[in-house]
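Letters go in sequence order (proteins before strands), and every chain restarts at 1.
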2 protein chains.
Amino acid sequence: MRFKYLFLCTFCLDGWKPAIQASKQNIHIKKGQLIFAEGDPVKGIYFVYEGNIKVHKKWDDEKELILRFAKKGDILGHLGIGSGDIYPVSATALEAAVVCYIDMSFFESSLTANNNFVIKLMRFFADELQTSEKRMKNLVHLPVKGRVAQAIISIKNQFGVSENGFINFEPAKLDLASFAGTAYESLFRTLNDLVDEHIITLSGKSIMIKDEARLLQLVAGN
Amino acid sequence: MRFKYLFLCTFCLDGWKPAIQASKQNIHIKKGQLIFAEGDPVKGIYFVYEGNIKVHKKWDDEKELILRFAKKGDILGHLGIGSGDIYPVSATALEAAVVCYIDMSFFESSLTANNNFVIKLMRFFADELQTSEKRMKNLVHLPVKGRVAQAIISIKNQFGVSENGFINFEPAKLDLASFAGTAYESLFRTLNDLVDEHIITLSGKSIMIKDEARLLQLVAGN
DNA sequence: CGAGTTGTTGACGTGTGTCAAAAGAAGTGG
DNA sequence: CCACTTCTTTTGACACACGTCAACAACTCG
């Protein structure tokens, strides 16, 4: 997690600085707006400058699985690098955001020029794959409570906590449910359970972890 | 899928031929033997020369999720390329197998030398990630029948069918269950259902798809 | 022939998704 | 400032898919 952030930041700001400035295309996105959708042809790749974004796969209208959240410094649309020519996922801004767009052909040609970057990018993919497979296992085997725990921990690791102890990210309950791979109402009851057991505290959309040990225990074996 | 096979074959046999011959280390594996286990320190990377292998994550003793199968020409242990220093998965031979071991330090140093290879490897990772996320969505949302359908289709795509129409791979029912992310007994009943509905035919461990359209339909939206 | 492994079926309990409705919250307009 | 939508949050009740347990059949193998 830390590695991922460092890598992207480093690369977005250092290795990519010239490239980005060369083909500078900052795009402002409104809250709730789609950046790209499942099925769209792949045209380029994005870096997040500002704002949080969710990457998700649709199920049947009003039902989805959120694969990851992207925040400042993260890469977006990198699955387009694979052999497919359409995005297999959608990206939606959770709030007003700014992304930097890089044309795919330009990006690709840069790959051949900078071997070091490709290696880092490959390592990033390897880590993402590892995360994905771990999450898959958990989604298959864990009961809802464990999945919710996993979701909270994951968000905490990615966004950190602010001074007041709350996680630095306020996901809509619906998004949290989609991230945990469960139904809206189930998420609710589970959150309440966790509050009752003094494992977490809620304040509006904010979440504070009170007993991380027991939270981790719910994802036992991870 | 086809791409993956081509790529690895090409690279294993072409680009990697000299490398492999330089550090030639063919290892013979017996049926059921572990090649590496979850938690082992990463020492190297493997290419499969002969035999089918399952890559899996353990749950709680006698319960696992199979992430993928590897066959002749496939790469193995590539998750070790990421930032972690231990394998997050296990690999077990389903039958007598031969793998080619390449020391990680040697492999890594080769990366810097061959930019083209790294790019292809990165593309491979991107595709794997895409597959993984698709599978994750299906495992979360699909009922058992759909997951079994998905498992069968996936195996068919990877191994193909022989002249008699049966899929060129005979997984143990237990492995099939682990691959579909369901219980042993549930898999049976589902397979029987599929047979009753004339969607597939069974003969021992062999599976033949009789009505691919309806099988695909079960994974609707895949 | 017994003993162990693998395949098969039955019965049961429960986690959890779904539906539906109540209770707030928040805007809208008179 | 109050009725009246409309949307979100919350709780209740229900049904059923599916995992678990247990018993049994079939089949290998010593």
Side-chain angles (χ1 to χ4, degrees), chain A residues 31-32 58-66 94-95 137-151 170-197 200-207 218-221, chain B residues 30-32 54 58-66 92 94-95 136-151 170-197 200-207 218-221:
Chain A
K31 176 176 177 173
K58 246 197 181 155
W59 189 232
D60 59 318
D61 302 343
E62 307 303 316
K63 211 166 156 192
E64 60 178 16
L65 177 69
I66 293 182
L94 297 175
E95 56 209 50
K137 186 199 67 177
N138 286 339
L139 288 177
V140 170
H141 289 300
L142 285 179
V144 166
K145 205 169 187 177
R147 279 181 271 160
V148 172
Q150 151 103 346
E170 307 189 348
K173 293 258 162 57
L174 196 61
D175 285 334
L176 198 52
S178 297
F179 190 51
T182 187
Y184 192 49
E185 297 92 326
S186 295
L187 174 93
F188 225 82
R189 302 179 221 267
T190 308
L191 281 183
N192 288 341
D193 287 354
L194 292 176
V195 170
D196 289 347
E197 298 169 36
I200 63 170
T201 308
L202 294 179
S203 165
K205 294 184 175 185
S206 305
I207 303 173
L218 291 171
V219 199
Chain B
K30 276 177 254 172
K31 176 178 179 173
K54 67 173 175 182
K58 245 195 181 159
W59 190 229
D60 60 320
D61 302 341
E62 307 304 313
K63 210 168 155 189
E64 61 179 15
L65 177 69
I66 294 183
T92 305
L94 297 175
E95 55 207 54
M136 183 169 3
K137 187 199 67 177
N138 285 338
L139 287 177
V140 170
H141 290 298
L142 285 179
V144 166
K145 205 167 185 177
R147 280 181 269 160
V148 172
Q150 151 103 344
E170 306 189 351
K173 293 258 162 58
L174 194 62
D175 285 333
L176 198 52
S178 298
F179 190 51
T182 187
Y184 192 48
E185 297 91 328
S186 296
L187 175 91
F188 270 145
R189 302 182 220 266
T190 308
L191 282 183
N192 287 342
D193 286 354
L194 292 177
V195 170
D196 289 347
E197 298 169 38
I200 62 170
T201 308
L202 294 179
S203 164
K205 295 184 173 181
S206 305
I207 303 173
L218 291 171
V219 200

Rounded to whole Å, please give me the gap between CZ in B/Phe188 and C1' in D/dG19. 15 Å

In whole Å, what is the span from the CZ atom of A/Arg147 to the P atom of C/dG17? 6 Å

Side-chain N or O of B/Lys63 less than 4.0 angstrom from OP1 or OP2 on D/dT20? yes

Do B/Leu176 and B/Phe188 have side chains that get closer than 4.5 Å, going by heavy atoms? no

Using only heavy-atom distances, decide whether a donor-acceptor pair under 3.5 angstrom links the side-chain of B/Arg189 to the base of C/dG10. yes

Would you mind checking if A/Lys145 and A/Glu197 are paired as a salt bridge, meaning a charged N to carboxylate O distance below 4.0 Å? yes

I'd like to check A/Leu191 versus A/Leu202 (side-chain heavy atoms, cut-off strictly below 4.5 Å). Are they in contact? yes

Send over the distance from B/Lys205 NZ to C/dT6 C1', rounded to a whole Å. 9 Å

How long is the line joining CG of A/Leu174 and P of D/dC7, in whole Å? 15 Å

Without decimals, in angstroms, what is the distance between B/Asp193 CG and D/dC18 P? 11 Å

Over how many whole Å does the gap from B/Leu142 atom CG to C/dG17 atom P extend? 14 Å

Just to confirm, is there a sub-4.0 Å distance from OP1 or OP2 of D/dG19 to any side-chain nitrogen or oxygen of B/Tyr184? no

Specify the separation, in whole Å, of atom CG of A/Asn192 and atom P of D/dT9. 13 Å

Looking at B/Ser186, I'd like to know whether one of its side-chain N or O atoms comes within less than 4.0 Å of OP1 or OP2 on D/dA17. no

Value in whole Å for how far the C1' atom of C/dT8 lies from CG of B/Asp196: 14 Å

Are B/Leu218 and B/Leu142 close enough that some pair of their side-chain heavy atoms sits under 4.5 Å apart? no

